[in-house]
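Following: one structure in C-alpha cells, then a few remarks.
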Amino acid sequence: MVDWKNCFPKTRLGREGKPPHESEDRSEFEVDYDRIVFSAAFRRMQDKTQVMPLPESDFVHTRLTHSLEASCVGRSLGKIVGVKILKQYPDLRDIVTPSDFAAIVASACLAHDIGNPPFGHSGEDAIRDYFLNGNGKQFEKELTEHQWKDLTNFEGNASGFRLLANLKAKLTYSALAAFTKYPRSSKKKAMD
C-alpha cells in the first residue's frame, strides 16, 4: 500500500533542512518545471532530432519539441489522476493539490529525454559497443568497476538522472523521483 503522504516532499536535493521557498503564486513543483526549462541540459535537446522515418513534411521534430509536447499531455493526465486520488484520500488535501500532481508529472515528462544520446536506443547500443568492443575498451583500466559498468551498460535515463541531480538550480525530491524510471545500479543490471 502506498503511503501517499510521503510521496510529495518539497525538499530540494542539496537543500535538506532548509524550508521551501513556496509562495501563494507558485508551488515548489511548478518551480521545478521552470528550472528544467531554463537548464542547459534541456536546451541542448533542441539540436537532437527525434528519429522519425520518412516524415511527410519538412518539419524537423526535435527532442525539445517532443519533450514539450509530452509535458503537456503529462500535465493533463497528472491533474486527472490528482483529482481522483484526492477524492479517494481527502486527508491529502492538506499537503497536495491536483495542480501539484500535474506539475510533478509535467516536470518528469519535460525531462524524460535529458541524457539520452542521439538515435535513442540505437545510440545507447553504440555507446555500449564502443566500450565493450571498440577503442573505448582502452579506458577500462582507468575506471572503477562501477564506472565501467555504467559505460558498458549505458542507459540514457541514468545519464539524465545524473544531469538533473547536478543542476545548479536544484529540483525537489518529488520531481527527481517521478523522473526515475529504472531505479537500480548498472552493476545489478549486468547481473540480471
Gap between atom OG1 of Thr172 and atom CZ of Arg35 - 0.5 Å precision
9.0 Å

Has the side chain of Lys170 got a donor or acceptor atom that lies under 3.5 Å from a matching backbone atom of Leu167?
yes

Report yes if the side chains of Ser67 and His112 come closer than 4.5 Å at any heavy-atom pair, otherwise no.
yes

Under 3.5 Å: donor-acceptor pair, side chain of Gln147, backbone of Thr144:
yes

Counting N and O atoms only, with roles assigned by atom type, does the side chain of Asp129 sit under 3.5 Å from a partner on the main chain of Asp125, one being a donor and the other an acceptor?
no

Hey, could you give me the CD/CD distance between Gln138 and Glu140, rounded to the nearest 0.5 Å?
11.5 Å

How long is the gap from CD1 on Ile114 to CZ on Arg162, to the nearest 0.5 Å?
11.5 Å

Nearest 0.5 Å, what's the CD-OH distance between Glu16 and Tyr173?
3.0 Å

Set of residues satisfying salt bridge (Lys or Arg N to Asp or Glu O under 4.0 Å) with respect to Lys5, sequence neighbours excluded
Asp91

Do Leu110 and Leu13 sit in one hydrophobic cluster, given that two such residues count as connected whenever their side-chain heavy atoms are within less than 4.5 Å of each other, even indirectly?
yes

Taking the side chain as every heavy atom from C-beta outward, state whether Phe154 and Phe131 have any pair of such atoms under 4.5 Å apart.
no

Heavy-atom closest pair (Arg75 atom, Ala102 atom, distance to 0.1 Å) is O-CB, 3.4 Å

Closest approach of Pro117 to Gly123 (non-hydrogen atoms, all atoms of both residues)
CG-C, 3.7 Å

Between Arg63 and Asp47, does the salt bridge (Lys or Arg N to Asp or Glu O under 4.0 Å) criterion hold? Intermediate values first, please.
CA-CA 8 Å; Arg63 289 244 176 113; Asp47 295 326; over 6 Å; no

Donor-acceptor contact present, side-chain Ser71 to main-chain Leu68, <3.5 Å
yes

What closest approach, in Å, do Cys109 and Ala70 show between heavy atoms, and which atom pair accounts for it?
CB-O, 3.6 Å

Asn6 meets the side chain to side chain donor-acceptor pair (under 3.5 Å) criterion, sequence neighbours left out, with Asp3

Shortest non-hydrogen pair, Ala111 vs Leu164, comes out as CB-CD1, 3.8 Å

Between Leu143 and Leu151, is any pair of side-chain heavy atoms under 4.5 Å apart?
yes

Should Leu171 and Val105 be regarded as members of a common hydrophobic cluster, given that ILVMFWY residues are connected when their side-chain heavy atoms come within less than 4.5 Å of each other, either directly or indirectly?
no

Taking distance alone, no hydrogens or angles, what donor-acceptor pairs closer than 3.5 Å link side-chain atoms of residues 37-46 to residues at least two apart or in another chain?
from	atom 1	to	atom 2	distance (Å)
Ser39	OG	Ile36	O	2.8
Ser39	OG	Phe42	N	3.2
Arg43	NE	Val37	O	3.3

Distance in Å, Ile95 CD1 paired with Cys7 SG, rounded so as to fall on 0.5 Å steps
8.5 Å

Cluster question for you: counting only ILVMFWY and a side-chain heavy-atom cut-off of under 4.5 Å, with indirect links fine, are Leu92 and Val81 together?
yes

Interatomic distance, CG@Asn153 vs CH2@Trp148, rounded to 0.5 Å, equals 10.5 Å

How would you list, by chain and number, every residue that makes a salt bridge (Lys or Arg N to Asp or Glu O under 4.0 Å) with Arg12, sequence neighbours excluded?
Glu28, Asp32

Validation: residues 82-90 side-chain donor-acceptor distances under 3.5 Å, sequence neighbours left out:
none

Hydrophobic cluster membership, with links at side-chain heavy-atom distances under 4.5 Å among I/L/V/M/F/W/Y: are Phe139 and Ile127 in one?
yes

Check whether Thr180 reaches the backbone of Leu176 with its side chain - one donor and one acceptor, N or O, closer than 3.5 Å.
yes

Within the 4.5 Å heavy-atom criterion, are Arg26 and Asp34 side-chain neighbours or not?
yes

Taking the side chain as everything from C-beta on, heavy atoms only, tell me whether Phe29 gets closer than 4.5 Å to Ser174.
yes

Closest heavy-atom contact between Asn157 and Phe179?
O-CE2, 3.5 Å

Any residue meeting salt bridge (Lys or Arg N to Asp or Glu O under 4.0 Å) with Glu124, in chain and number order, not counting sequence neighbours:
Arg128

Going hydrophobic residue to hydrophobic residue with side-chain gaps under 4.5 angstrom, can you get from Val31 over to Tyr33?
no

Do the rings of Trp4 and Phe101 sit parallel, tilted or perpendicular, given the 30° and 60° boundaries?
tilted

In terms of heavy-atom contacts, Leu163 and Gly115 come closest through CD1-CA, 3.7 Å

